[in-house]
Structures are given as structure tokens and as C-alpha cells.
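Take a look at the structure below.
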Amino acid sequence: TCGLGNMRPAMMNGGGNKGETPMKIKVQIMIEHEGEDKPIMEEICCLCRGDLLPETVGLTLNEGKELLAKLQEKMVTHQANKFVEQQRYCPNCGQIRHNKGKHDIIYRSVFGKLHISSPRLYTCPCQEQQKLSFSPLAERLPERTAPELRYLQTKWASLMSYGLTVDLLEEVLPLQTSITSVIRHIHETAKKLDMELGNEQAVFIEGCERDWEALPDPDEPLAVGIDGGYVHAREGENRKAGWFEVIVGKSIPENGETKRFASVNNYDQKPRRRVFEMLKNQGLQMNQNIIFLSDGGDTVRDLQLYLSPQAEHLLDWFHITMRITAMRQMAKGLPTDTKTLPDVAAELERIKWYLWHGNVFRALQEIEDLMFDFDCYEGKSSSMKKLGKAIGEFFHYISVNRDFIPNYSERHRYGEKISTAFVESTVNEVISKRMVKKQQMRWTKQGAHLLLQVRIQTLNEELKDTFCQWYPEMEPETEDFLKAA
């Protein structure tokens, strides 16, 4: 309810300009309890305005923050008093429960820190109790932080640095927080998410072929790309602990939203469960085709096994071409007098052609011949040794992944996915933007793992839904809150 002070019509000055009298705006709240005839009226604040200027139109940010903080304080005080009054009577016998004492509890909300008077009541002797007294408010508000504040801290800390998150929240809301508080809440949220995740399994394939045939017709195939990125490591006080690997992936359905996952290699205890739950959230059925594309590394190759009976595992063409391109660049630095060596660029192009058409046998023959030419050459320079080593590593890379190399040309002709180039952007989106680029922080594996789980929820647009599941009243059904008096 807004009450305006006495206002007079604007007067005209001698010069023809309008003059305006000062205006007072009083903001009040009216609280009505069911069963009580007389409402409670309390004034929140009084605002003054003079001439209309761009900087005085409506509420300023500071006025809005102060208004919300005072409104929150009044509202919570009445809520708490009403709740305590209801708890004074024993639910079994109806006798009043007397005060033992009282203390203040601190409750942090989106609109400021609140000191709430919390009486302590004696338990009723009508039934045997484990405690002689209890605090109704302390039991009802065990976390001492509003779910919405936890949500805002968690969301923004997953998108930007902890320091910027604190600056943003303090700039736009009437509250004070700290980096320590933000980190604690993001860790608590991530641990809660991990606890709700199912147990890790070696095999996630469910049922038998007869059961799969009885399932409804599946959706279009899912394409899942998996790749790895690296994060600056820290171990205790050692801030030069090198790097550790983070595996990220993206699932792209023909119709629907893409989903992501992230897992810190050699730390996460449920990496395969995360991938399976991501696919399950996209409606995965055991009779649905899935195409897994990866760089062929051991960690990512093992992660995708035994998730679906209809899975197809492919070596990503993007990483093959990256290796060939790197070797072609090395070949440009070879000495010009190496006449006994074949044309390395032409040989690499031939190898690429064989791999493009899925002829792994001929590709390995060509690579092996090239390795033999380099081994037989005498007086090798450092550039030749480097290229020879790269060719040997490429031979091993193709050999161990030969079962995952399809006919890329044919798949490309039919419009099927052959590359995880779309996952490269996911590595940048999930890891680099928050944890590597322009970030001077070094991370423990635990800290990185917990932040990544919340960041994935934010990027997948699932974090708000998760909080609403934990706190159902956080997002009430749409209704007209501002009812007419």
C-alpha cells in the first residue's frame, strides 16, 4: 500500500516554466491473518521527490535495495512470530508449552541478513520426549540460508569467478556475502547432486533382446562426442603441480536440447553413471542407436563402453586430420637435400585418403613404409627425428583404434556425423572459459570436480529445476500475488 503526501497542483513560474512541489511517498505494508478482523499496518519507508529528473524517475537502486531489505525484515518477523505462536501448543494434548529462554538466529536471505528472535520451549510432559526443550525456528530453518540465495550464488559462481559473483550479488541485492560463503554453498550443492546420483556400474545395458524388441519405436539416433581438456593443478600449498585432465562430452539428439557432462579423470567415482544419466534424461531406450565419437584415448574409449546394446563407437575424423596436419607442417622444415626420402607431404595425403575411405590396412602399410624410410636414412637432423617420432606415434594411434575407423566418406555422403568438432566448443564452454582462459586460479581435483558438476547443471539449464525439486515451495504455481484489497 502506497500513501502519497499532500500534493498541490503545479504552479506556473513567471518565466513560463513549471515548478513542482516536493512529493512524499510513504510505503506501508498491511498484514492480514485469517480469523482476525483487524489487519496490521506498518510503515516501511518514506521517499521524497522534487523536480522530475532522469536520475530521480522511480526508485533508485539503493532505494530499491533498502525498501526490499526493510520489507523482508518486517515480513519475516511476522512469519516467525506466527509460526512460534502455533508451536506453543502441544499437538497431542493442546496444553501450552512454556518458554525456557530465547536467542537470535541469523538467517541469510536474498534481501539481507536477518536476526530472528527464536524462543526455546519446554517439551510437553504428556508424552515421553528425548529432549527437555526445543527451538521451533531452529528446527524449521536448519540451513540458515534461503534456498534462493544458495541458487543465485551457485549459478553465478559456476559462470564467473567467485570474486565477481560476490561483487555482482552485493551490487544488485541488499546483502553482504563472501567468497568463502559462495565456495561453501557451491560445494554443498555439488555434493548433494553426487549423493543423488546412482551407483557406478560396469554394465548399464538392461534387459535382453526380446525385451528390447517389445519397446516402442525409438527416437532418432543420439550423437555423443567425448573429448578431454586440461586444468592447472594445485596440491596443498604447491601451486606448480602441473595439470590434470577433465573429460567432457555433449549429446546431440536429432530433436531436442543438447546435454553436457564433465568428469575429472582419476578422481570422479561415477564417470560412466554420469554419461548414462545424461543419455537417460534425453529419453534413451535400449533399442535406440547411439553414435559415440572420441579422440581414441584410453580414458574416453573405456568411458563409453557397455552403455547401450545399439552403440556404435567411432574414432573422430577431426583428431585424425589434426595429427596429419601437424606432421605436414613438420615436413616443411625438413632439409632440402633429403633426396632419398619420398615426398612426405604426398605420402601423408595418400594415407589420409585411405583413412577417409576406411581402408585401415593400406593406411597402416603406407605409414609403416614411411617409418622404414626414416629409420634407414643416415645423418638425421633434429627435425627429421621429430617427424619420425610423430609418424611412429601415429602408426600406434591408428593401430589401437583400427576397429573404430569407419568409411568416413560414405558416412559423410549420407549426412552422418564423423567428427567431434562440436565437442571442441564444449571443452571451451565447460572448462576453458571458467577455469583456464584469463583465470589465474589453480585447482584441486576435488574443487574442480564440484564446480564442474554445478556448471554442467547451469549450462544444461537444469539447476533451477533441481533446486525446485529440493525445495518445492521455491517456485510456487503461477498466481496473482498482488491481490486487490
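Listed for the T60 side chain is no donor-acceptor partner under 3.5 Å among the backbone atoms of T56. Of the possible polar contacts, none joining the R272 side chain to the F204 backbone as a donor-acceptor pair under 3.5 Å is found. Judged by distance alone, the side chain of T123 and the main-chain N or O of K131 form a donor-acceptor pair under 3.5 Å. Using a distance-only test at 3.5 Å, with no hydrogens or angles considered, no donor-acceptor pair links the side chain of D211 to the main chain of G207. For the pair W156 (side chain) and Y151 (backbone), a donor-acceptor distance under 3.5 Å is absent. Listed for the D316 side chain is a donor-acceptor partner under 3.5 Å among the backbone atoms of H319. When atom types are taken as modelled, the side chain of R455 and the backbone of S158 share a donor-acceptor pair closer than 3.5 angstrom. D268 places a side-chain N or O within 3.5 Å of a backbone atom of K270 that can act as its donor or acceptor partner. Remark: side-chain polar atoms of R301 are paired, donor with acceptor, to backbone N or O of G296 under 3.5 angstrom. Remark: side-chain polar atoms of N407 are paired, donor with acceptor, to backbone N or O of S409 under 3.5 angstrom.
Using cut-offs of 30° and 60° for the angle between ring planes, the H33 and H78 rings count as tilted.
Closest approach of L193 and Q457 over heavy atoms only: CD1-CG, 3.8 Å. For Q288 against S308, the heavy-atom pair with the smallest separation is O-OG, 3.8 Å. Here the closest non-hydrogen pair linking L450 and H187 is CD1-CG, 3.6 Å.
With a 4.5 Å cut-off on side-chain heavy atoms, K82 and V84 do not count as touching. Looking at Q304 and S294, their side chains come closer than 4.5 Å, going by heavy atoms from C-beta outward.
Using a 4.0 Å cut-off between charged side-chain N and carboxylate O, E196 and R273 make no salt bridge. Salt bridge annotation for R150-E188: present, with a cationic side-chain nitrogen under 4.0 angstrom from a carboxylate oxygen. Classification of K191 and D194 as a salt-bridged pair fails, no side-chain N sitting under 4.0 Å from a carboxylate O. Comment: K38 does not engage E32 in a salt bridge, judged by the lack of any side-chain N to carboxylate O separation of less than 4.0 angstrom. Note on E312 versus R411: salt bridge recorded, some NZ/NE/NH1/NH2 to OD/OE distance being below 4.0 Å.
Ring to ring, W243 and H232 are close: their centroids are under 6.0 angstrom apart.
Under the 6.0 Å distance and 45° angle rule, R323 counts as a cation-pi partner of Y397. Cation-pi geometry between R140 and Y107 is not satisfied (NZ or CZ under 6.0 Å from the ring centre, within 45° of the ring normal).
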TODO: Walk me through it: do R88 and E85 pass the test salt bridge (charged side-chain N to carboxylate O under 4.0 Å, His left out)?
DONE: CA-CA 5 Å; R88 285 191 181 279; E85 190 63 29; 3.7 Å; yes
- [ ] List the steps and the verdict of side-chain hydrogen bond (donor to acceptor under 3.5 Å, both in side chains) for T426 and R260.
- [x] CA-CA 8 Å; T426 309; R260 306 153 189 83; 5.5 Å; no
TODO: Kindly indicate, with the supporting measurements, whether the criterion salt bridge (charged side-chain N to carboxylate O under 4.0 Å, His left out) is fulfilled by E63 and R49.
DONE: CA-CA 12 Å; E63 288 171 345; R49 286 292 184 271; 2.5 Å; yes
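Rounding to the nearest 0.5 angstrom, the gap separating the CG atom in L121 from the CG atom in L137 is 9.5 Å. Taking NZ of K192 as the reference point, atom CG of L197 lies at 15.0 Å (rounded to 0.5 Å). With values rounded to the nearest 0.5 angstrom, C90 atom SG is found 4.5 Å from N92 atom CG.
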